[in-house]
Each structure stands twice: as C-alpha cells, then as structure tokens.
Amino acid sequence: MDTFEFTKTAAAVLSALLLIVGAKTAIDMNVGHTPEKPGYVLPAPAPAETANAPQGEGAAAPAAAAGSEEVVALLAQANAENGKAIFKKCQGCHVAENGKSSTVGPNLWGVVNRPKASFPGYNYSDAMKKKGGDWSFEELAHFLHGPKTYIPGTKMVFNGLASPSDEADVIAYLATLADTPVALPK
Ligand code: HEC
C-alpha cells in the first residue's frame, strides 16, 4: 500500500466512523428525547385514574346511591349547628355569605334549590355545567357523599363526607344560608 492508498483508506475508514458516530449520536439524541414526552403524558392520566378508581368503581358507586337516601331521611332530625362546625371543612374553598364573590369554589349562599352551576361569574367545570337540574336536598346528598363519583370531571377536589349524619347536618346548615331558609323535609 503506498501512502496515497493508505490515506484514501484511512479517510474512508474515518468517514465511515464519523458516519457511525454521527448516526449513533442522532439515535441517542432521539432516544434521549422520546421517553421524555410519554414521561410527561403518563403521570397525568395516572393520578386521575387512581383518584377515580376507588370511588368510580366497585362498592363506592352503589354506596353513594344508598347513602344519599339515608342522608335525605336523616334531614328531618339534622342538626344545623353541628353542620356549621362541619362546614369548616368546606370553607377552605367556599364562602357562603350573601354578596361575596366566589373563592376556589362558588359562593354557597342560597345554594339549596339553586340551579347547578349558576353562581354569577364563577367558572364551573364543563362536567358541572352539563349536569343540569337544581341542588335539591337529594342532589346535594349525592354530590357531597362522593363529588367525583356523582359528577365525574368536577373540579371540586374533595373526597366527600363519609358520615351520613354529618352530611345531613351540613346540608341542613346550607338550607339556613338564604334570605328565606329552605324548610327541611319532614
Ligand atoms: C378543595 C376545595 C373544595 C372543598 C374543600 C369543597 N368544595 Fe365544594 N366546590 C369546589 C369547587 C372547585 C366547585 C366547583 C365544581 C365544578 O365546577 O365542577 C365546588 C362546587 C360545589 C357545589 C356546587 C355549587 C354550585 O353553584 O353549583 C356545592 C353544593 C359544594 N361545592 C358544596 C361543598 C360543601 C358542602 C363542602 C364541604 C363539605 C365543599 N363543597 C367542599 C371546591 C371545594
């Protein structure tokens, strides 16, 4: 092999190497980047699924229905004073005074028998807007037992009240928050 031949071969080998290294770098860069996207996409559905799974499936759904009837039955002897204490759990997100603007959640003044998603100026979720109907005692009982079970897609991040009597008490308290308090069912 003369020098010229050697140089040519070396050049060929070098360019081949460059190509390989270049290609590998390109592949590495791609490999390095592609997992990042699913990495961002994946965690989003995951918490949503876990958040829905315990409530959306299995025992929780029928329990919500049975629970709400029980709650409505309990309203006759509900204790609005105790409900006021329980309402502290709601106050992180809700005001319930006439004329105040909404905070994290809509103002709950006069919520009993109010059409759903109707507090002026509050930006409700689509799920809440689509639900329709008024906040009757029964609807409130369904919703407060398991907000995400009853209205999947609601942006009320609250697991619900486990105790039917606490729930009845808080609904009885909500019924007092109006110019004309709503009479409880007898
Ligand atoms: C972590 C914040 C948070 C807590 C705690 C919370 N809520 Fe809510 N609530 C919201 C949000 C946000 C919405 C709006 C939901 C939507 O648009 O999907 C809402 C909506 C509601 C609605 C529907 C009102 C309307 O105008 O249609 C009622 C009723 C309600 N909440 C009652 C309660 C009660 C009672 C409690 C306490 C037992 C409570 N919430 C606790 C955030 C909260």
Side-chain angles (χ1 to χ4, degrees), residues 43-56 60-61 63-186:
E49 260 169 38
T50 36
N52 284 338
Q55 294 173 329
S68 72
E69 276 162 37
E70 195 185 342
V71 170
V72 173
L74 284 170
L75 280 173
Q77 68 233 39
N79 180 340
E81 269 308 302
N82 186 42
K84 186 177 181 175
I86 293 159
F87 190 71
K88 293 210 168 78
K89 292 184 184 176
C90 321
Q91 280 173 323
C93 299
H94 290 285
V95 290
E97 285 138 273
N98 197 4
K100 283 217 171 168
S101 43
S102 301
T103 48
V104 175
N107 185 332
L108 293 180
W109 173 260
V111 74
V112 175
N113 290 337
R114 178 168 97 184
K116 292 198 185 84
S118 68
F119 192 82
Y122 185 77
N123 184 21
Y124 291 92
S125 66
D126 287 344
M128 184 62 84
K129 284 189 261 187
K130 280 189 196 128
K131 188 71 182 176
D134 295 347
W135 282 120
S136 63
F137 288 124
E138 199 147 48
E139 290 291 291
L140 283 168
H142 277 299
F143 182 59
L144 296 180
H145 188 79
K148 279 172 232 137
T149 311
Y150 192 55
I151 304 185
T154 180
K155 58 179 192 177
M156 174 152 140
V157 184
F158 183 73
N159 280 336
L161 294 164
S163 149
S165 77
D166 281 2
E167 214 187 310
D169 291 353
V170 90
I171 292 170
Y173 174 63
L174 290 177
T176 68
L177 304 173
D179 293 327
T180 311
V182 182
L184 298 175
K186 298 213 173 84

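Below, all heavy atoms of this structure are taken into account, side chains as well, without hydrogens, waters or symmetry copies.
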Query raised in the report: For L108, does its backbone N or O pair with a side-chain atom of R114 as donor and acceptor, under 3.5 Å?
Result: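 A pair under 3.5 Å: no.
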Query raised in the report: Do any N or O atoms from the side chain of T154 and from the backbone of K148 form a donor-acceptor pair under 3.5 angstrom?
Result: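 It does not hold such a pair.
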Requested in this report: Show your reasoning for whether side chain to side chain contact (heavy atoms under 4.5 Å, CB included) applies to L161 and K89.
Outcome: CA-CA 10 Å; L161 294 164; K89 292 184 184 176; 4.1 Å; yes
Point-to-point distance, once rounded to the nearest 0.5 Å, from [atom1] of [X] to [atom2] of [Y]:
X: H142; Y: S136; atom1: NE2; atom2: OG; answer: 8.0 Å
X: L144; Y: E139; atom1: CG; atom2: CD; answer: 11.0 Å
X: N113; Y: F137; atom1: CG; atom2: CZ; answer: 6.5 Å

Requested in this report: Specify whether W135 and F143 have parallel, tilted or perpendicular ring planes, treating 30° as the upper limit for parallel and 60° as the lower limit for perpendicular.
Outcome: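 W135 vs F143 ring planes: tilted.
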Query raised in the report: Pick from M156, H94, M128: which one makes a side chain to side chain contact (heavy atoms under 4.5 Å, CB included) with P106?
Result: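 Of all the options given, the one that passes is H94.
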Query raised in the report: Just wondering, are more than 12 heavy atoms of other shown residues or ligands nearer than 6.0 Å to NZ in K84?
Result: no
Report task. Give a yes or no on whether Q91 atom CD has more than 12 heavy-atom contacts from other residues, nucleotides or ligands under 6.0 Å away. Result -> yes
Query raised in the report: Can you check side chain to side chain contact (heavy atoms under 4.5 Å, CB included) on L177 and V111, steps first, answer last?
Result: CA-CA 8 Å; L177 304 173; V111 74; over 6 Å; no
Query raised in the report: Are K116 and Y124 in a cation-pi contact, defined as NZ or CZ under 6.0 Å from the six-membered ring centre and within 45° of the axis?
Result: no
Requested in this report: Would you mind reporting whether N98 and D179 have side-chain heavy atoms less than 4.5 Å apart?
Outcome: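 Contact flag for D179/N98 side chains = yes.
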